[in-house]
Every structure is written in C-alpha cells, then in structure tokens.
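One structure is given here, and the rest of the page talks about it.
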Amino acid sequence: MKFLIFSEDGSNICGIATKLRDNGEVYGVTIEGEESKCLQYGLKEVYALKGRPMGDNCFKALNKIDLTNFDRIFISSSPLGRDIAGMIASSIRSIVITEAFDFHLEGENIRTKRFFFGGKTILEEESSAKVITVQPGSFEPEKVDGNTPVTMADLEVSSITLDQEVEKERSGTDIESAPILVSIGRGIGKKEAIDQIMPLVEAVHGELSGSRPVCLDYKWLTEERQVGLSGKKVKPRVYIALGISGQIQHIAGMRGSKTVIAVNKDKDAPIFQECDYGIVGDLFQVVPKLVSALKQ
Amino acid sequence: MAINIVVLIKQIVDIDQLKTDPNSGEPLIQNIPLRIENLSKNSIEAAVQLKEKNGGKVTGIIFGTEKANSAMKEAYAMGVDEGFIITGYKGNNPAYTASIISNKIKELGNVDCVILGNQSADSYTGLLPGLLSTELNMNLLGNAVSISEEGGRFKIKRVLDEKDEIISAEKPCVISVTQEINQPRLPPVLQIMAAGRKPINASAAGAGNFETPKIVSNIAPKSDRKRQLFEDMDKGVAEVAKAIRGEMK
Ligand SMILES: Cc1cc2nc3c(=O)[nH]c(=O)nc-3n(C[C@H](O)[C@H](O)[C@H](O)COP(=O)(O)OP(=O)(O)OC[C@H]3O[C@@H](n4cnc5c(N)ncnc54)[C@H](O)[C@@H]3O)c2cc1C
Ligand SMILES: Nc1ncnc2c1ncn2[C@@H]1O[C@H](COP(=O)(O)O)[C@@H](O)[C@H]1O
C-alpha cells in the first residue's frame with residue numbers, strides 16, 4: 001500500500017509514519033523548513049512545499065503530487081489541515097474520517113476511533129475511508145536508520161492574501177511532556193491570581209496549563225497551554241484541576257492522566273466525577289495549605 | 001456594500017444534557033431536547049453583525065428534520081431575514097451535507113459569503129468549510145475571530161498556534177468562524193414573537209449516493225477514577241499531598 005501524510009508541522013508526520021511504515025510505502029508532505037524534522041522515520045520521500053501555505057495552494061500542490069496514486073491520505077489535524085481535508089474530500093469521492101486519535105488497517109478497510117457528542121462518547125467506525133485527519137500526538141514517533149530524500153515543490157500564489165501577521169508570545173513550554181500539571185480554570189477569577197498558584201506549580205515541579213476560556217477568551221495563559229478537545233491531550237502522572245468545572249470538552253483532553261485531583265467550590269461540579277481526589281472548597285484557601293503540606 | 005450572506009445552521013441534541021448509561025456507556029439520546037449547535041449560533045451572530053454594519057440580507061439554511069422549525073425561529077429572532085429548511089438529514093455525513101447545502105446555495109444565486117462554524121460542537125468534523133469552498137468555487141477564509149468587508153473583499157483575523165494573521169480574499173467567500181468570534185445575542189421577547197409569525201421555506205433533500213462508515217460502537221469511555229471527595233479541607237489536603245508525593249518520587 002501507498003500512504004501520504006500531510007502536515008505543515010514536520011514533527012506531526014513522524015508518529016503517523018511510525019504507525020504506518022510496516023504496512024507499505026509512506027510519503028510525507030510538509031512546508032519548506034519543516035522537512036528536517038521527519039527524515040528519520042522510514043518515509044520513502046518527503047516533499048517540501050515552497051511558498052506561503054494557504055488551503056487552496058496546498059490543495060493544488062497535493063493534487064500535483066497526484067492524490068489518486070495513494071491508497072490512503074493522512075492529514076494531521078490543524079486549522080489548515082482540516083480546510084485541506086475538506087477540499088480533498090470533495091475531489092476524491094470517498095468517506096473521510098476526521099479527528100481520529102487511533103486507527104488500525106483491516107485489509108481494505110480502516111478502523112478508527114474519535115470522540116463524538118462533544119467528547120462524551122468514543123465513536124469506533126470501520127470504513128473504506130481514503131482520507132483521515134489525525135489528532136496531533138496520537139502516536140509515539142520512533143526513529144529508524146537511514147535518511148529520507150527530500151523533493152522540493154513550489155506552492156502557487158494563493159488567492160488568499162496575507163495582509164498582516166502578528167507573531168505571538170510563546171513560552172516554548174510543552175505541557176504534553178510535563179509529569180505534573182497544575183491546570184487553572186475560570187474559577188481563578190483574574191490573571192493576577194496566577195501568582196497565587198505558582199508556589200504550587202513550583203512545589204510539585206510541574207507546569208501550568210488551563211481550560212479553553214483561560215487560554216483563548218481571557219488570554220491569561222498562552223494557547224499552547226490549553227488542555228481539551230480542541231487543545232492539547234495530556235497524560236501526566238498527576239493532573240491538578242483548580243477552578244475548572246469539568247465540561248466534557250475539557251475532560252477529553254486530560255482523560256489519560258494517571259491521577260486526577262480537583263479543587264472546586266461547587267460540590268456538584270462535573271470534574272468531581274472525573275477525579276481520584278476532590279476537595280470541595282475555595283482554591284485560594286486550598287492551594288497555600290497544599291503547598292505547605294507538600295513542603296513538610 | 002450591501003452583502004448577501006448565507007449562514008449555515010445545524011440543529012443538534014443538547015449535548016450538555018446528554019447522559020450516558022452508567023453500565024453500557026450508551027448515550028441516552030431519547031427525550032433530549034434539540035437546540036442550535038454552538039458554532040452555528042456564533043455564525044448567526046457574525047452574519048447578523050456583518051449585515052448590521054454593511055447592509056444586506058442574511059439567509060439561513062438548515063439541513064435537518066421536520067423538527068428544525070424551532071431552530072429557524074430562534075435564528076429569525078436573532079436577525080436572520082429568510083430561512084430554508086431542507087429535510088432528510090439522517091446524521092453526520094459531511095459529503096452528503098455539503099452537496100445538499102451547496103445545491104441550495106447555487107439555487108439562491110448571487111451569494112457574497114457563506115458563514116459557518118469551523119467545527120460543529122457535537123460531531124466536531126470540520127470538513128464543511130473545505131468541502132463547500134471547492135464545491136461552490138469560493139475562496140475559503142478559515143477560523144475567523146473577526147470579519148469585515150471592504151470593496152468586495154472579505155477580511156478576517158485568525159488565530160494560529162504561532163501567530164495571528166489578517167487575511168483577505170475577493171468575494172464570494174466561505175468564512176468559517178471559531179467560538180471566540182462573539183457572544184451570540186439573546187433576542188428580546190418582541191423579536192421572538194415576531195419571529196414566530198414569519199414564514200419558513202421548506203423542501204425535502206434529494207437522495208444522495210454517499211457511503212457512510214459502519215459504526216462499531218459509540219459509547220462513553222470507561223472511567224476508573226477513585227472519586228474520593230473531601231468536604232473537610234484539611235483532611236483533603238493531607239490525602240492529596242500524600243498522593244502527589246507518591247507520584248513525585
Ligand atoms: C467545540 C468546543 C470545543 C471546546 N474545546 C475545549 C477545550 O479544548 N478545552 C476546554 O477547557 N474547554 C473547551 N471547550 C469549552 C468547554 O465547553 C467549557 O466552556 C470550558 O471547559 C469551561 O472552562 P472552565 O471550567 O475554566 O470554566 P467554568 O465552566 O466557568 O468553571 C469554573 C469553575 O470554577 C469554580 N470556581 C469558581 N471560583 C472558585 C474558587 N474560588 N475556588 C474553587 N472553585 C471555584 C466554579 O464552581 C466552576 O465549576 C470547548 C467547547 C466547544 C463547544
Ligand atoms: N446539517 C447542517 N445544516 C446546516 N449547517 C450545518 C450542518 N452541519 C454542519 N453545518 C454547519 O457547518 C459547521 C461545521 O460543521 P462540521 O463541518 O460538520 O463540523 C457548523 O458549525 C454549521 O455552521
């Protein structure tokens with residue numbers, strides 16, 4: 001079988017390639033500058049696209065590589081990836097499975113798992129899907145010997161123009177690899193309250209993460225720290241949820257944690273259904289007590 | 001410029017009220033009320049704001065069932081001018097949905113932009129923006145947190161992992177929005193009453209020959225959490241500190 005993997009982030013190609021490489025020839029497509037990240041994972045060839053990537057011109061470039069040549073096309077899920085997946089879906093009349101976090105090839109078919117009903121259920125499907133979007137971080141990348149050759153290809157000029165670009169402040173943290181996460185929700189009330197949480201983060205040698213409103217609406221934390229269905233999927237040894245109600249879209253991102261601790265002043269908060277230890281109370285009273293208990 | 005806007009509205013079961021069977025994990029869908037999908041509401045709000053600013057018309061399309069009237073009335077109350085319900089929706093099948101909706105949009109003609117959610121809150125598919133842009137041959141401006149129009153060009157701001165971008169394209173455009181774009185309005189009572197009297201156009205979807213995946217299972221993931229709840233703060237803190245210390249070794 002022949003597989004194609006697309007991601008604008010070269011590192012997202014590695015895990016999917018690792019999963020696929022024993023089943024056939026795997027080709028990768030990424031953006032110029034990203035290709036170096038995925039050359040040690042047993043891919044047959046990597047195409048690096050030169051130019052400013054938008055949905056339309058990436059789709060055209062993929063068509064030039066000739067999508068009909070491949071048995072299956074995997075796209076790492078991202079805003080760009082999903083736009084392209086939709087475009088491909090309309091050009092090759094096939095079932096498309098989106099947001100898969102696990103899959104198995106079953107002869108001519110593929111078995112996939114994804115969340116459904118906003119994260120309340122896991123939907124397992126079997127289909128002949130030719131296009132599958134995959135959640136980043138779903139498969140562990142493993143290197144192999146040898147180096148993948150790179151082919152450069154040009155992106156056409158997009159009909160979308162970039163008028164302005166604002167680089168974002170990035171702390172370069174990687175909450176997915178932190179052994180302990182202290183995660184904050186709307187319950188902390190204001191950005192300044194983070195100062196009161198930091199002693200706990202330090203006491204557990206952990207990292208700070210947060211719910212979607214904290215990272216996206218209020219921007220108290222940067223987006224790379226968002227946990228959830230539309231954020232990072234984390235599996236720390238300990239996940240400490242402070243002032244997070246535990247909506248299903250949040251749970252979907254931290255379900256893999258080993259031990260979950262929740263602090264919430266509402267006894268009926270849904271997070272208490274998804275925790276190992278729950279303390280009902282004001283987080284601003286609980287956190288200092290916990291810090292001093294840990295220091296003893 | 002007065003803008004001819006189409007907004008796509010999905011009706012879903014209220015997933016916030018949805019429970020799963022504690023034993024089998026099956027979703028208990030019976031008797032769960034229907035409501036407008038989250039991102040569709042953001043889309044309506046974005047469409048109505050765009051019309052309020054530039055003039056024009058907002059046309060709502062629901063590919064749904066006979067039960068979609070309530071959703072369209074709510075959309076009217078929020079400011080949608082005319083609504084089309086296409087019945088025959090049987091479930092999540094993006095390719096089929098896109099073909100039904102794009103046929104309707106072509107039939108309407110003269111559309112400047114199609115506004116829809118970037119990923120619906122229940123199925124979380126996110127394919128319709130790309131599908132529709134190809135099928136309607138419109139430029140795709142994806143994941144907007146703000147939309148404006150100037151001289152026949154649409155401009156959006158979008159938030160990516162590493163940067164924020166302002167991008168623009170010539171009309172007609174498909175514009176997908178994220179939930180951060182706005183806070184959907186709660187329409188006043190008078191508007192809701194007026195909306196109830198407004199006619200809704202209805203038609204049935206033509207059959208489509210689209211394969212669907214076979215569902216192996218659709219159940220809640222198992223949770224083996226201990227669920228030890230402490231209302232006594234000091235006792236809770238002691239237990240939690242012990243558990244954390246155990247994991248820090
Ligand atoms: C398509 C879609 C995708 C989404 N993706 C994500 C995602 O990836 N991640 C995510 O997190 N959300 C996501 N959401 C949003 C999600 O539905 C919830 O809105 C969000 O998780 C709520 O965040 P929160 O728990 O911080 O806030 P709230 O729900 O407002 O909860 C705040 C909690 O703090 C408690 N509290 C208040 N004060 C205190 C105090 N002093 N001490 C202790 N407790 C206190 C309250 O009792 C409450 O339970 C998504 C939604 C949709 C529709
Ligand atoms: N059946 C439908 N009828 C009308 N609009 C829909 C339908 N399904 C999806 N949409 C729109 O498309 C957006 C993205 O949906 P999806 O691509 O299915 O995740 C939703 O937020 C809606 O705006």
Side-chain angles (χ1 to χ4, degrees), chain A residues 55-56 79 82-87 89-91 95-99 111 115-118 120-127 129 159-168 170 204 216-217 223-224 229 237-238 255 259-261 272-281 285-286 289-290 293-294, chain B residues 15 18 20 27 94-95 98 121-131 133-135 139-143 155 160-170 180 211 213-221 223 225-231 233-234 236-241 243-245 247-248:
Chain A
D56 59 347
R82 288 188 294 270
D83 286 354
I84 296 171
M87 294 175 184
S90 87
S91 75
I95 293 179
V96 179
I97 300 286
T98 52
E99 309 293 312
R111 243 184 210 237
F115 286 116
F116 207 76
F117 288 130
K120 284 205 169 149
T121 59
I122 290 176
L123 178 62
E124 188 172 352
E125 295 171 299
E126 188 171 326
S127 70
S159 57
I160 314 294
T161 51
L162 179 66
D163 301 339
Q164 201 187 329
E165 209 171 6
V166 188
E167 290 295 329
K168 268 195 289 216
R170 268 175 83 83
V204 298
L216 280 181
D217 293 281
E223 274 150 54
E224 51 191 339
L229 191 62
R237 289 212 295 279
V238 186
R255 205 173 250 145
T259 299
V260 175
I261 294 161
F272 287 135
Q273 295 304 313
E274 273 300 328
C275 76
D276 296 289
Y277 305 95
I279 303 178
V280 184
Q285 287 174 23
V286 174
K289 279 180 193 250
L290 190 54
L294 284 166
Chain B
I15 46 176
L18 182 71
T20 51
D122 60 336
S123 61
Y124 213 61
T125 309
L127 281 181
L128 280 187
L131 273 164
S133 82
T134 315
E135 273 163 45
N139 292 318
L140 174 57
L141 295 171
N143 303 281
K155 192 182 260 201
L160 302 178
D161 267 351
E162 280 120 61
K163 54 188 189 238
D164 294 349
E165 286 181 348
I166 311 252
I167 56 175
S168 64
E170 204 72 44
E180 283 73 31
E211 253 188 296
K214 188 179 115 209
I215 294 176
V216 179
S217 67
N218 186 19
I219 52 174
S223 158
R225 299 274 171 222
K226 294 196 187 80
R227 296 195 199 97
Q228 287 191 28
L229 204 57
F230 297 93
E231 294 192 49
M233 200 183 290
D234 291 318
V237 165
E239 271 308 304
V240 165
I244 295 176
R245 260 199 233 104
E247 288 296 342
M248 284 174 67

When A:I84, A:L229, A:L216 are compared by non-hydrogen pairs under 4.5 Å with chain B, the top option:
A:L229

When rounded to the nearest 0.5 angstrom, what is the spacing between CG in A:L290 and CE in B:M233?
11.5 Å

Which value, rounded to the nearest 0.5 Å, describes the distance between A:M87 atom CE and B:E135 atom CD?
12.0 Å

Among A:D217, A:V204, A:D56, residue most engaged with chain B (heavy-atom pairs, under 4.5 Å):
A:V204

For chain A, the option from B:G142, B:P221, B:A238 that forms the most heavy-atom pairs under 4.5 Å:
B:P221

I'd like to know if the side chain of A:R82 and the backbone of B:G126 have a donor-acceptor N/O pair within less than 3.5 Å.
no

Give the minimum heavy-atom separation between A:I160 and B:A169, together with the two atoms involved.
CD1-CB, 3.8 Å

For residues B:I167 and A:L162, determine if any side-chain heavy atom of one lies less than 4.5 Å from a side-chain heavy atom of the other.
yes

Under 4.5 Å to a heavy atom of chain A? For B:D164 that would be both

Which one, B:L160, B:L131, B:L128, B:I215, leads in non-hydrogen pairs under 4.5 Å with chain A?
B:L131

The interface call for B:A121 against chain A, heavy-atom contacts under 4.5 Å, is backbone

With chain B, the option among A:A293, A:S127, A:S90, A:G55 that has the most non-hydrogen atom pairs under 4.5 Å is A:S90

Option that, when pairs with chain A are counted at under 4.5 Å, heavy atom only, ranks first among B:N139, B:V216, B:T134:
B:V216

A:R255 versus chain B, heavy atoms under 4.5 Å apart: side chain, backbone, both or neither?
both

B:E211: salt bridge (charged side-chain N to carboxylate O under 4.0 Å, His left out) partners, not counting sequence neighbours:
none

Got a donor-acceptor contact below 3.5 angstrom from the A:K289 side chain to the B:V237 backbone?
no

A:V280, A:V96, A:V286, A:T259: which one forms the most heavy-atom pairs within less than 4.5 Å of chain B?
A:V280

Using a cut-off of under 4.5 Å for heavy-atom pairs, which of B:K155, B:R225, B:E165 has the most such pairs with chain A?
B:R225

Identify the heavy atoms of B:P129 and A:D83 that sit nearest to each other, and give their distance.
CB-OD1, 4.4 Å

Most chain B-contacting option - heavy-atom pairs closer than 4.5 Å, from A:F116, A:F115, A:F117
A:F117

Whatever's closer than 4.5 Å to a heavy atom in chain B on A:A129 counts as neither

Which bit of A:E99 comes within less than 4.5 Å of chain B, counting heavy atoms only: side chain, backbone, both or neither?
side chain

Return the option, out of A:L294, A:V238, A:I97, with the maximum number of heavy-atom pairs under 4.5 Å with chain B.
A:L294

Non-hydrogen atoms of chain A under 4.5 Å away: do they reach the side chain of B:S123, the backbone, both or neither?
both

Bottom line for A:E274: the part with an atom under 4.5 Å from chain B's heavy atoms is both

Could you have a look at B:I244, B:D234, B:L229 and say which one has the most heavy-atom pairs with chain A under 4.5 angstrom?
B:L229

Closer than 3.5 angstrom, by distance alone: can the side chain of A:K120 be matched with the main-chain N or O of B:T20 as a donor-acceptor pair?
no

Contacts of B:F230 that satisfy ring pair (Phe, Tyr, Trp, His ring centres under 6.0 Å) - sequence neighbours left out
none

